[in-house]
Amino acid sequence: MGELANCVRCDTVYVKTTRDICTDCFQKEEQAFQKVYAFLRVRKNRQATLSEIVNATEVKEVLITKFIKERRLQVKNFPNLGYPCENCNTTITSGKFCDNCLDKLKEELSAFEQVEERKLINEQSEGKKVDTYYAIDKHGK
């Protein structure tokens, strides 16, 4: 059984099942999808970019991006369709980051891991010196 939740779009209370939006908002979203899909079914519109689709259908860019991410709009059928990388705004067709940003992120992560590993090694080597026990002969014998 679903639980009560507020719709993220219109803030009305609804019984949450699998979606995070209420039935009314879901129907509006479906109508928007049908509008976009009908536009793209026309052969001359298959080469349209995201901004051209937004201008022609008056459906928000965020919603069209959601359709692409949910794979409701297959990018292979629409070669100019994509959405911006979250880091550099390059047009991509899947994921959150373009290949260049992904490579940079991997390099930074690798460098960070190396620095952390060096810190750990230094802490361990300093710890060995601290743990050494020295005895002092007070009586000079």
Side-chain angles (χ1 to χ4, degrees), residues 1-140:
M1 178 127 192
E3 60 185 58
L4 289 179
N6 286 15
C7 176
V8 295
R9 294 238 172 99
C10 64
D11 207 35
T12 59
V13 177
Y14 73 105
V15 178
K16 184 175 183 178
T17 53
T18 57
R19 297 185 290 262
D20 59 350
I21 57 176
C22 66
T23 307
D24 293 336
C25 290
F26 179 72
Q27 289 174 350
K28 289 177 187 174
E29 194 173 283
E30 283 302 304
Q31 289 171 351
F33 174 76
Q34 292 303 325
K35 193 175 193 180
V36 170
Y37 191 67
F39 174 78
L40 289 172
R41 272 188 286 177
V42 177
R43 181 175 287 268
K44 68 177 182 174
N45 296 334
R46 291 184 185 161
Q47 299 291 324
T49 62
L50 186 60
S51 60
E52 292 170 345
I53 296 169
V54 169
N55 291 335
T57 62
E58 297 178 356
V59 174
K60 294 182 181 180
E61 185 175 325
V62 176
L63 200 53
I64 297 172
T65 302
K66 180 181 177 182
F67 297 149
I68 297 169
K69 288 181 179 180
E70 290 176 347
R71 299 180 192 257
R72 294 181 69 186
L73 292 175
Q74 298 294 322
V75 180
K76 65 181 179 182
N77 298 332
F78 312 110
N80 295 331
L81 191 58
Y83 53 92
C85 167
E86 289 188 9
N87 189 41
C88 67
N89 291 330
T90 302
T91 302
I92 57 175
T93 57
S94 65
K96 291 185 177 191
F97 301 107
C98 66
D99 291 336
N100 291 335
C101 291
L102 212 54
D103 290 340
K104 288 179 186 176
L105 192 60
K106 286 178 184 177
E107 288 174 11
E108 290 174 7
L109 184 59
S110 176
F112 176 76
E113 287 175 345
Q114 289 176 354
V115 167
E116 289 298 312
E117 189 175 314
R118 285 187 202 130
K119 284 181 183 178
L120 183 63
I121 290 171
N122 287 341
E123 288 174 2
Q124 289 175 348
S125 65
E126 289 175 4
K128 288 180 182 177
K129 293 177 184 175
V130 173
D131 292 341
T132 306
Y133 178 75
Y134 296 99
I136 301 174
D137 187 8
K138 287 185 180 180
H139 302 293

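Annotation for Cys7 and Cys22: closest pair SG-N, 3.4 Å, computed over non-hydrogen atoms. Between Asn87 and Cys101, the shortest heavy-atom contact is ND2-SG, 3.2 Å. Taking both residues in full, the closest heavy atoms of Cys98 and Cys88 are given as SG-SG, 3.6 Å, listed atom of the first, atom of the second, then distance.
Taking OG1 of Thr57 as the reference point, atom CZ of Phe39 lies at 7.0 Å (rounded to 0.5 Å). Taken to the nearest 0.5 Å, the OH atom of Tyr14 stands 8.5 Å off from the CZ atom of Arg19. The distance from the CD1 atom of Ile53 to the NZ atom of Lys35 is 13.0 Å, given to the nearest 0.5 Å. The line from CG of Asp20 to CZ of Arg9 is 8.0 Å long, rounded to the nearest 0.5 Å. Atoms OG1 and CD, from Thr93 and Gln74 in turn, are 11.0 Å apart once rounded to the nearest 0.5 Å. Atom-to-atom distance recorded for Gln114:CD and Lys119:NZ is 13.5 Å, nearest 0.5 angstrom.
Within 6.0 Å of atom CD in Glu58, 12 or fewer heavy atoms from other residues, nucleotides or ligands are found, so the atom counts as exposed in its surroundings. With a 6.0 Å radius and a threshold of 12 heavy atoms from other residues, nucleotides or ligands, Lys69 has its NZ atom above the threshold. Heavy atoms of other residues, nucleotides or ligands lying less than 6.0 angstrom from CD of Glu70 number more than 12. Residue Lys28 qualifies as open at atom NZ: its count of foreign heavy atoms under 6.0 Å is 12 or below.
Between Leu81 and Leu73, some side-chain heavy-atom pair lies under the 4.5 Å cut-off.
Side-chain atoms of Asn80 come within 3.5 Å of backbone atoms of Gln47 as a donor-acceptor pair (strictly under, hydrogens ignored). Side chain of Arg46 to main chain of Arg41: a donor-acceptor pair is present (N/O by atom type, distance under 3.5 Å, no hydrogens or angles). Glu52 places a side-chain N or O within 3.5 Å of a backbone atom of Thr49 that can act as its donor or acceptor partner.
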For side-chain contact (heavy atoms from CB on, under 4.5 Å), just list the numbers for Phe97 and Ile92, CA-CA rounded to whole Å, side-chain angles, deciding distance to a tenth of an Å, and then say yes or no.
CA-CA 8 Å; Phe97 301 107; Ile92 57 175; 5.9 Å; no
Dump the intermediate steps for side-chain contact (heavy atoms from CB on, under 4.5 Å) on Thr65 and Leu50, then the final yes or no.
CA-CA 8 Å; Thr65 302; Leu50 186 60; 4.0 Å; yes
Steps toward side-chain contact (heavy atoms from CB on, under 4.5 Å) verdict (Glu61, Ile64)
CA-CA 5 Å; Glu61 185 175 325; Ile64 297 172; 5.8 Å; no
Starting from the C-alpha separation in whole Å, work towards a yes-or-no answer on side-chain contact (heavy atoms from CB on, under 4.5 Å) for Leu63 and Val36.
CA-CA 10 Å; Leu63 200 53; Val36 170; over 6 Å; no
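Contact check on Arg72 versus Glu30 returns a salt bridge, with a Lys/Arg side-chain nitrogen under 4.0 Å from an Asp/Glu carboxylate oxygen. Note on Glu107 versus Lys104: no salt bridge recorded, every NZ/NE/NH1/NH2 to OD/OE distance being 4.0 Å or above.
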